[in-house]
Amino acid sequence: MEYNFTEIEKNWQKFWSENKTFKAEVDKNKPKFYVLDMFPYPSGAGLHVGHPLGYIASDIYSRFKRLNGFNVLHPMGYDAFGLPAEQYAIQTGQHPAITTDVNIKRYRQQLDKIGFSYDWDREFRTCDADYYKWTQWAFTQMFNHYYDNKTNKAESIESLISEFEKNGNSNVNAVCSEPEIFSASEWKQKSENEKQEILLNYRIAYLADTMVNWCSALGTVLANDEVKDGLSVRGGHPVEQKKMRQWSLRISAYAERLLNGLDTVDWTDSLKEMQRNWIGKSQGAEIHFDLSPTLSKGKGARPEYMTTDAHTWLGVKEHVVENRKNSTEAEAFLWKNLKGKKLGYKIRRQHAIDKFIADFVCLEKKTIIEIDGIYHDFQKEQDEHRTQILTELGFSVIRFKNEEVFANPEKVLAEIKSYLDAKVLPFGEDLGGVGFTIFTTRPDTIFGCTFMVLAPESELVDKVTTTEYKSAIQEYILETKKRTERERMADVKKVSGQFTGAYAINPFTKTEIPIYISDYVLAGYGTGAIMAVPAHDSRDFKFAKHFNLPIIQVVAKAGETETDPQTWEDSYDSKDGVMINSGVITGMTVKDAVNHIIDIIENEDLGTRKVNYRLRDAIFSRQRYWGEPFPVYFKDGLPQVLDLKNLPLELPEVDKFLPTEDGQPPLGRAKKWSTEEGFPFELSTMPGFAGSSAYYLRYMDPKNDKELVSKDANNYWQDVDLYIGGTEHATGHLIYSRFWNKFLFDLGLVCKEEPFKKLINQGMIQGLSEFICTISGHKMGTQNITTLFDFYWLNGIKNIVDCNGNNINAEVFYSAEIAEEAFNNIAEVTEKCKLLKFNIPIYYTSNHKLVEFSKFKLWRDLDSPSTSIFVCKNGYWIVKGNSVEWIGDQNIKGDFHTIPVVEKMSKSKYNVVSPDNNYDSEGNLIQEGVIEKYGADTLRLYEMFLGPLEQSKPWDTQGIDGVHRFLKKLWRLFFDNNGTFQVSDEPATKDELKILHKTIKKIKEDIENFSFNTSVSAFMICVNELSDLKCNKREILSDLIVLVSSFAPHISEELWNKLGNKESISFAKFPEFKAEYLVENSFLYPISFNGKMRFSMDFPIDATIKEIETVVLNDERSQKWLEGKAPKKVIIVPKKIINIVF
RNA sequence: GCGGAUGUGUCGUAAUUGGUAGCCGAGCUAGACUUAGGAUCUAGUGUCGAGAGACGUGGGGGUUCGAGUCCCUUCAUCCGCACCA
C-alpha cells in the first residue's frame, strides 16, 4: 500500500474537525497548558510558507504537552481591524468587512490544510462586535481609573473625587498631566465642566492636546514612519506638525512596572533588551538654573502670586474683598471676558501688589490693566506715582477708560491680548519666577556646564529670548518646524542652533552661561532643556566647537591628568574616571560624585533626584473607519463614556471611507452618530493594537457575554505558558498588552500580572527573489534584430550598439553572466544607459533560469505587447507573444540566467511561496504548493528541519525530498514487500529497544528545548536504523509513531489506526524513557596522544582505570605513536576519552 | 555611535555543553535493479597527499592533558536602538 498522503491528510483533518478532537474545556483534574501564536492579521496575500513556521512549532509543543497529560489550550483567531483593508476599501469602494472576511476564509482554509490542533470553537475576530465590546469596555475602565503612585496601581476615579471633596488634591500623588493645587472648598466651587476638565488630567484613558503628524489631504494623523521629507509616503501629500486633541493611554504610569516585570518572564535577552530600551529609564536629577541677572528675591520663598508681604496683605485684604464685591460695571464686564484664561493668560483681579491694589493683573507678563472710571480721575496724580513704583518692580501698566470698555469691548480685549502677546520680559521672570529646570543623568559634571540649550519647540524659548534675538530665534524655529522629527534624527551630524540673548547662572560655579536653542534637544524628553557639558557629551562638544563655546574638563580618566580640551577630537563621555575642577566633589569617582552632588542639590533646594522614562503615553485615536469606535460621547464638549449595558457601540455604515468635506474622520459621515439624547459620539476609532491587547484573555472564555473572561476560566488558564511569534511585535503589541494586562490586574479582573510566561521569536523565512537584467534607454527596432544579433554573434557583445535602431519596440534582456559586460560596452556609447535589475515572479524561473519566456513576456508588458530579446551566452531567444524562437547554436540552446537574491518574502517582490497551490485570478495553477506535492506532514517536518527555530533562513525546497523520503521509509516499516500491512507481535530485541529509547530520550529533550530540527534528524536516524534491522515489531513501532505524531500527525493517526487503535493518537501517552535499555557493557574509547586521536579500543564498562592504562600502553599501536618515549601522563576519563601525554 | 546575535564541507545544519569535528538531509560521483524514473537500494564524498600522514570550525594570541565550545584581540555579516541629556 502506497503512502497516499493526500487521502490520509484529508481524512484525518475531517476526523479531527468532526470529532472536535482538540476541544479544550476547564478541567480541574488536569494541569493546564496554554500555547498561543501571535495574532495574525489576515492580509490579502494569504499565508506564505514563513507564517506556519511558528504555528508548526507551537502545534508540535501543544501535541507533545497533550501526550504528557496536560489540558492544552491552543486557540487561533484574527486581528481583523487595520489599515490595509481600509486602504483597499478606499481604492475599490469595497467594504473592509467584506474583504477581511474573504481574507480570513482563505487563511482558515490554508491553516486547515496543515493539520493544526487548534480548538476552533474558540476562534474569533477583533472586528466582531461581540469581541470589540470588551475592547470598548476596557477603554471605559481606563477612563474611569487613574494611576495612584501611593498604592502603585490603578484606582477608581470615584475614590479620587471623594478625596478631592474631602481634602482637595494636595495629598494626592497620582500620575497626572497638569497638576494644579486646589483645596476641597475650591473643588466644590468648580463647575461640573471644570471638574471634568481636571479629571481628564488624571484618567488613564484621557483626551489631551498632542503634537502629531497631520496630513490634511489624507485626513488623518500619520505615524512617523509614514512621513518622509515632509510628505506622506502614500500619495506624497504635505504633512504638518499639529497639536490635536487626541485620546491617549497613560501607559507611562506603568513604565517602572513594565520594566521590572521583564525580570519575571522567560523571554529572550534580545527581546527584553528591546523593551528596556523602549522604556528607556534613566536616573539623574532635575536641576534649577536661575536666569541672569536674577530679579527675584529668593528661591522657593513664596508662591509667585503672592506679590506683596504678609503684613501689607492683611492691611489691604479687606479692600480687595470689598472691591471685588463692588466692582464697577466696566470691571465686571471685562472680568467676564478675562477670567479662566479666556485670552490665553491667567488674569487676576483686585490683586494686591506691593501696597497697591491693581484692577487686573497678568503676573506671568507682569502687566497691570487699569480701568479709569470717574473715581480715578480725582487721583490721577497718585496713579502716576503708583505707576512709577510698579514700573520699578518690573510691572507695566496699560489703562482703559470706562467708556472705551463699553463702547468697544472687543477692541479693548484685542488690545489687551496683543499687548500681552507682544510683551517679552527680558530676564525670563515670567517663567514662574527666575529660571528653568533641566534634567540630566550626569549631575556630577555640572561644574563643566558652560552653556544651556533649549528645544526649539519648548515653551521656554519665547520667554527667555531677548528682544534683540527675537527675529533670529523665530527664523531658526521656522526652519526646524519644516523638518519632521525623523528627519532631524537622520542628519545628526549637522550642528545648528541659535543664541537667545539670555544667560543663566550655573548654580555651582556661579558663572553666567549663554542659553541657546538647538534641534538636538528634544522637547518631548526630560524638560526640553539641558545643561550642556561639552567636555563630557559628544553632542554638546560638537555644538561648543561649532559656536566656539568654552569647554571645561571635569572628569579625568583614572590615572590620567587634566589635558586641554581645546585639543580634543571628541568629548570624554565615559563614566569611568575621577572628578577634577569640581569644587567639593573633586577627587571623587564619577559614581560617588553623582550621588554626592544630588544630595547637595536636594539640600540646597536646587533641584531633586529624578527618574525619567523615554516611554510616552500611547496615542490612541485614529481618524480612520476600520477600527473599534470609541464608547464615548460628548456633553458640553466634554467626553463621557457609555455604560457596559450600552456596549458594544457598533461601527456604523458610511457612504465612503474617506474623511468628510470639512475634514472630520470617516465616522463623521455616519447618519445618526449620537446618543439617543443627541450627544455626538467620538469620530475617531481605535488603533490596531487596541483589539490585540487582551485577546489572549478572551480565548479563555470566548463566548462569555457577561464579562471579558470569567473568574473561573481565568483562574484555571491563568496566563500564556508559551507564546510564539515574530520579533516585529517586540515594542508594539508586547508592551501594550503587558500594560493592558497590568491594568486589568490592578482592577482584580485577572489573576496574573504578566500575560506571557515564555516567549519565543521564530526566525523569518526569507524569500529567494529572482532579478532580471535589462539596460534602460536601449531598445531596438524590430527589423534590425536579426542582423543586429547575427552581427553581435560574429563580433561579440561590444558591437551591439552599432545597430542602435530608431524604431523602438523591442526590449532586450541579458542573461546574468553577460549583463555586466554588455552594459559596460553600451555605456561607452550612450551615457544615459543604466543597468536595471528588477524582481520577476519566481515561478517563471527554475534553478535561477528564466524558463517561462512567453508568460514572463505577458506579465512584463500588458500595455504594449512587443518583441523581446533574451541574450544568452551562445545565442538569443526572440519572444513575440506565444512564439519563442532560439537564434544561435541549435545544439546548445542557451540558458537565460537570473540573479537570485535573498530578501523579505513579500508580494511586491514576487517571491512569495505559499504552502498550497497558487492560482492566478483566472484560476490557472501558477505554482504547485508543497502541500499538494508532498503533503502537510512533509511541510511540517521540512519547516522544522530547516534549522533552529529562532534563526532566519531563506526558503529553499532543496532537501524537501529527503524529508519526504523519510516519511515513506517510516511508512514502509509497517508494510511488507508486497505492500501489505504487517506488524509483528514478537518481543523486541535489545538492539531495537535501544534504538527506540535513545530516540525517546532525544525527542523529549529536544522538544523541551524547542530544538525541532535535531528531533527530525533523530527520527531519521531511528527509522534508518530500524529499517536496517528490518524491524516491524508492534512494541517498537507503536511507541515510535506516538513520538512522531506531534510532528507529522496525519501519517501517525493513520498508522496508529492501522495498529488497531480506535481513539485518536492525541489521546495516547508519550512513551516513557527507560534508561536501562541504553546501558552498555562496554565503551569504545578514543585513544589520543598529546590530544590527537589515533585509534580506538573497546573496554568493559567496569574496567578499572589501572587495567585500561596497562592494556592501552601495552598495545603495539601505542608503542608506535609513543615513538619510544615514556608517557608523562595518562588521562583516562571513564566513558569519555583516553589521552596519553608524552 | 550603543546593544545583541552569528561565523563549521558545495549547501541547510549537528556536536552528549571542555573529550573521536562534520551527525542528519541536500548536492555531487560511481554502481545495482528497471521498458522507464523526479522510484528504490549500495558505496564514496572537508582540504592537500600516490601513500604514510599532515592540515582543518572567519583571522591572531592565550588557558588546558585536550578548545568549534572558555578568555583576550581582531575582522566580517545580520538584527535592534539611536541626538533620550
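Order of the sequence lines fixes the chain letters, A, B, ..., with proteins taken first and strands second; residue numbering starts at 1 for each chain.
- To the nearest angstrom, P of B/G66 lies 17 Å from CD1 of A/I1132.
- The pairing partner recorded for B/A15 is none, the criterion being a Watson-Crick or G-U wobble arrangement whose two distances lie under 3.5 angstrom.
- Remark: C1' of B/A14 and CD of A/E1005 are 15 Å apart, rounded to the nearest angstrom.
- Within the shown strands, nothing qualifies as a pairing partner of B/A50 under the Watson-Crick or G-U definition with both distances less than 3.5 Å.
- Using a 4.0 Å cut-off between a side-chain N of Lys or Arg and a carboxylate O of Asp or Glu, A/R276 and A/D263 qualify as a salt bridge.
- Using a 4.0 Å cut-off between charged nitrogen and carboxylate oxygen, A/E1080 and A/K994 count as a salt-bridge pair.
- With both ends at atom C1', the span from B/C81 to B/G12 equals 31 Å, rounded to whole Å.
- A/S458 contributes no side-chain N or O that, together with a main-chain N or O of A/L454, makes up a donor-acceptor pair within less than 3.5 Å.
- In this structure, B/A85 makes no Watson-Crick or G-U wobble pair, since no nucleotide meets both defining distances under 3.5 angstrom.
- The backbone N or O of A/G725 lies less than 3.5 Å from a partner atom in the side chain of A/N761, making a donor-acceptor pair.
- Here A/S1096 lies out of heavy-atom contact (under 4.0 Å) with every strand.
- Of the options A/W955, A/F1047, A/F1012, A/Y934, a ring-ring contact (aromatic ring centres under 6.0 Å, His included) to A/Y942 is made by A/W955 and by none of the others.
- Remark: B/A30 base-pairs with B/U42. Criterion, Watson-Crick or G-U wobble with two distances under 3.5 Å.
- For B/U17, the glycosidic angle deviates from 0 by 90° or less, giving a syn base.
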For this session: Could you run through nucleotides 35-41 of chain B and give me one letter per nucleotide, 5' to 3': B if any protein heavy atom sits under 4.0 Å from the base, S if only the sugar-phosphate is that close, - if neither?
Result: ---BSSS
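- Base orientation of B/G9: syn, since the glycosidic angle falls within 90° of 0.
- The aromatic rings of A/Y525 and A/F439 stand perpendicular to each other, their planes meeting at an angle above 60°, with 30° marking the opposite boundary.
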For this session: Check step by step if side-chain contact (heavy atoms from CB on, under 4.5 Å) holds for A/L1113 and A/V1130.
Result: CA-CA 9 Å; A/L1113 287 178; A/V1130 178; 4.2 Å; yes
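- In terms of position on RNA chain B, the residue among A/N277 and A/T527 whose nearest nucleotide sits closer to the 5' end is A/N277.
- The side chain of A/T1014 sits closest to B/A15 out of B/C65, B/A15, B/A21.
- Between A/T731 and B/C81 there is no side-chain N or O to OP1 or OP2 distance below 4.0 Å.
- In summary, of the residues considered (A/L967, A/I60, A/V1044, A/I960), a side-chain contact (heavy atoms from CB on, under 4.5 Å) with A/L941 occurs for A/L967 alone.
- Under the Watson-Crick and G-U wobble criteria, each requiring two contacts below 3.5 Å, nucleotide B/C2 is paired to B/G80.
- No hydrogens or angles were tested; on distance alone, a donor-acceptor pair under 3.5 Å links the side chain of A/N1139 to the base of B/C65.
- For A/M1093, counting side-chain heavy atoms from C-beta on, the closest listed nucleotide (B/U20, B/A82, B/C65) is B/U20.
- For A/N1013 and B/A14, the shortest distance from a side-chain N or O to OP1 or OP2 is below 4.0 Å.
- Rounded to the nearest Å, the gap between the P atom of B/A39 and that of B/C28 is 12 Å.
- One interatomic measurement links the two molecules: CZ of A/F966 to C1' of B/A26, which rounds to 16 Å at whole-angstrom precision.
- Of the C1' atoms belonging to B/G18 and B/G1, the separation is 36 Å, rounded to the nearest Å.
- Rounded to the nearest Å, the gap between the P atom of B/C65 and that of B/C75 is 32 Å.
- Between B/C84 and A/R276, no contact under 4.0 Å exists linking OP1 or OP2 to a side-chain N or O.
- Candidate nucleotides B/G19, B/C83, B/A85 were compared by shortest atom distance to the side chain of A/K1136, and B/G19 ranks first.
- Side chain of A/E903 to backbone of A/K909: no donor-acceptor contact under 3.5 angstrom is found.
- Remark: the separation of the P atoms in B/G51 and B/C70 is 36 Å, to the nearest Å.
- Following rounding to the nearest Å, A/E1008 (CD) and B/U16 (P) show an atom-to-atom distance of 17 Å.
- Ring planes of A/H536 and A/Y572: perpendicular class, angle over 60° (limits at 30 and 60°).
- Rounded to a whole angstrom, the distance from the P atom of B/A85 to that of B/A5 is 23 Å.
- Summarising the geometry, the separation between CG on A/L454 and P on B/A85 is reported as 18 Å, rounded to the nearest angstrom.
- Comparing B/C65, B/C24, B/U20 by their nearest atom to the side chain of A/M1020 picks out B/C24.
- As rounded to the nearest Å, B/U42 and B/G59 have C1' atoms that lie 42 Å from one another.
- Ranking B/C83, B/U20, B/C65 by closeness to the A/V1141 side chain, first place goes to B/C65.
- Counted within 6.0 Å of NZ on A/K1004, heavy atoms from surrounding residues, nucleotides or ligands total 12 or fewer; the atom is thus considered open.
- The distance between atom CZ of A/F439 and atom P of B/C84, rounded to the nearest whole Å, is 12 Å.
- As rounded to whole Å, 14 Å separates atom P of B/C83 from atom CD1 of A/I530.
- Using a 4.0 Å cut-off between a side-chain N of Lys or Arg and a carboxylate O of Asp or Glu, A/E2 and A/K968 do not qualify as a salt bridge.
- The partner of B/A21 cannot be assigned: no Watson-Crick or G-U wobble pair with both contacts below 3.5 Å exists in any strand.
- Rounded to whole Å, the P atom of B/G56 lies 11 Å from the corresponding atom of B/A67.
- Checking B/C84, B/A85, B/G53 against every side-chain atom of A/W1121, the shortest atom distance belongs to B/G53.
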Exercise. For nucleotides 3-12 of chain B, read 5' to 3', which letter fits each nucleotide if B means a protein heavy atom sits under 4.0 Å from the base, S means only the sugar-phosphate is that close, and - means neither?
Worked result: SS-------B
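- The interatomic distance linking A/R1117 (CZ) with B/G53 (P) rounds to 12 Å, in whole Å.
- Note that CG of A/N506 and CZ of A/F289 are 5.0 Å apart. Values are rounded to the nearest 0.5 Å.
- Projected onto RNA chain B by closest heavy-atom contact, A/D537 and A/I1137 fall at different nucleotides, the more 5' of which corresponds to A/I1137.
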